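Just below is one structure, and these are the notes that go with it.
Note that the coordinates shown come from a computational prediction; the quantities given were computed from them, not determined experimentally.
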Amino acid sequence: MGRRLEGRVVIATHNAGKLREMRELLAPYGVACQSAAELDLPEPPETGETFIENALIKARSAATIARLPAFADDSGLCVSSLNNEPGLHSARLARDVGGFPQAMGVIEQRLQERGCIAPDQRRAHFVSALALVWPDGHEETFEARVDGVIVNPPRGSAGFGYDPAFEPDGYDRTFGEMSAEEKHGIPADGSRALSHRARAFQALAKACLRG
Ligand code: ITT
């Protein structure tokens with residue numbers, strides 16, 4: 001059991017797609033949210049060597065400056081045949097090549113250069129690390145992943161980032177072809193959610209939002 005999150009929380013992300021999902025995930029719990037943009041919070045340098053370290057850097061910075069509990073996500077797409085790249089560098093890759101369509105193109109090109117055509121050579125997973133940090137320094141972290149394959153060409157325009165290129169195991173549609181509810185996939189019976197972020201959030205909710 002972690003510390004209970006009550007009252008207000010800052011969602012410490014500058015990524016609009018993530019912000020939408022983090023708000024949707026929190027919505028049933030009656031916690032009032034403010035975004036980093038609304039509070040004009042800076043973006044701290046993500047110098048960590050793991051997803052959890054980077055999530056903590058973002059949440060600590062927001063909690064210290066806003067003097068409120070802060071909720072951050074650090075995430076990425078890890079492609080098995082590419083040494084789990086872009087991984088921690090997923091946002092940077094898209095920035096460096098001019099956007100997500102181009103970044104998905106780069107991943108496809110690297111897979112083809114390695115002769116990765118069959119689905120089992122195109123395995124990938126999304127990771128989400130979530131951090132909750134309180135102004136008094138208390139910290140809670142949660143991490144989860146969802147496994148699947150990289151498809152070519154990318155399909156769908158829902159979601160954000162690399163969603164059109166990723167088809168989760170057990171589905172014949174990409175995250176880009178799913179509604180937000182399907183991508184979260186949080187079942188009413190409390191069984192496992194679908195997306196990396198929703199899975200990590202389920203653990204967070206169990207520790208810090210219920211009971
Ligand atoms: P913040 O640090 O402000 O939260 P960011 O975009 O820089 O925003 P990250 O450093 O965590 O976030 O980078 C994660 C990258 O992985 C980013 O490019 C996302 O678009 C991508 N990504 C993460 N989760 C995703 C998801 O559910 N669907 C598609 N792409 C995702």
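Side chain of D163 to main chain of F160: a donor-acceptor pair is present (N/O by atom type, distance under 3.5 Å, no hydrogens or angles). Side chain of E177 to backbone of T174: a donor-acceptor contact under 3.5 angstrom is found. For the pair D74 (side chain) and A129 (backbone), a donor-acceptor distance under 3.5 Å is absent. Using modelled atom types, one side-chain atom of K18 and one backbone atom of D73 make a donor-acceptor pair closer than 3.5 Å. Between the side chain of R199 and the backbone N or O of R145, at least one donor-acceptor pair lies under 3.5 Å.
Within the structure, ring pair (Phe, Tyr, Trp, His ring centres under 6.0 Å) pairs that include any residue of residues 127-147 comprise W134-H138 (at least two apart or interchain). For residues 91-102, no pair satisfies side chain to side chain donor-acceptor pair (under 3.5 Å), with sequence neighbours left out. Within the structure, the ring pair (Phe, Tyr, Trp, His ring centres under 6.0 Å) test picks out the following pairs touching residues 74-123 (sequence neighbours left out): F100-Y162.
Atom CD in E24 sits 6.5 Å away from atom CD in E181 (nearest 0.5 Å).
The environment of CG in N83 is sparse: at most 12 heavy-atom neighbours from other residues, nucleotides or ligands sit within 6.0 Å. Surrounding CZ of R8 are at most 12 heavy atoms belonging to other residues, nucleotides or ligands under 6.0 Å away. The number of heavy atoms from other shown groups lying within 6.0 Å of CZ (R23) is above 12. For E113, the CD atom sits in a packed shell: over 12 heavy atoms of surrounding residues, nucleotides or ligands are nearer than 6.0 Å.
In plain terms, the two heavy atoms of A12 and A62 that are nearest each other are CB-CB, 3.6 Å. Residue P45 comes nearest to I57 through the heavy atom pair O-CG2, 3.6 Å, listed as atom of the first residue, atom of the second, then distance. Closest non-hydrogen pair, S75 versus H196, comes out as CB-CD2, 4.4 Å.
Note on ring orientation: taking the six-membered ring where Trp is involved, the planes of F175 and F166 are tilted (angle from 30° to 60°).
Two different hydrophobic clusters hold V146 and F201 under the rule that ILVMFWY side chains link at heavy-atom gaps under 4.5 Å.
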*What do the steps show when you test R4 against E140 for salt bridge (Lys or Arg N to Asp or Glu O under 4.0 Å), and what is the final call?*
CA-CA 10 Å; R4 185 95 184 269; E140 303 274 352; over 6 Å; no
*Carefully, step by step, assess R173 and E182 under the rule salt bridge (Lys or Arg N to Asp or Glu O under 4.0 Å).*
CA-CA 11 Å; R173 284 170 306 132; E182 287 177 285; 2.8 Å; yes
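There is a side-chain donor-acceptor pair under 3.5 Å between S191 and D189.
Residue V151 belongs to a hydrophobic cluster whose other members are V149, with links defined by side-chain heavy atoms closer than 4.5 Å. Cluster partners of L56, using a side-chain heavy-atom cutoff of under 4.5 Å among ILVMFWY residues and allowing indirect links, are I52, V133.
Scored by the side chain to side chain donor-acceptor pair (under 3.5 Å) test, R60 finds E139 as partners (sequence neighbours excluded).
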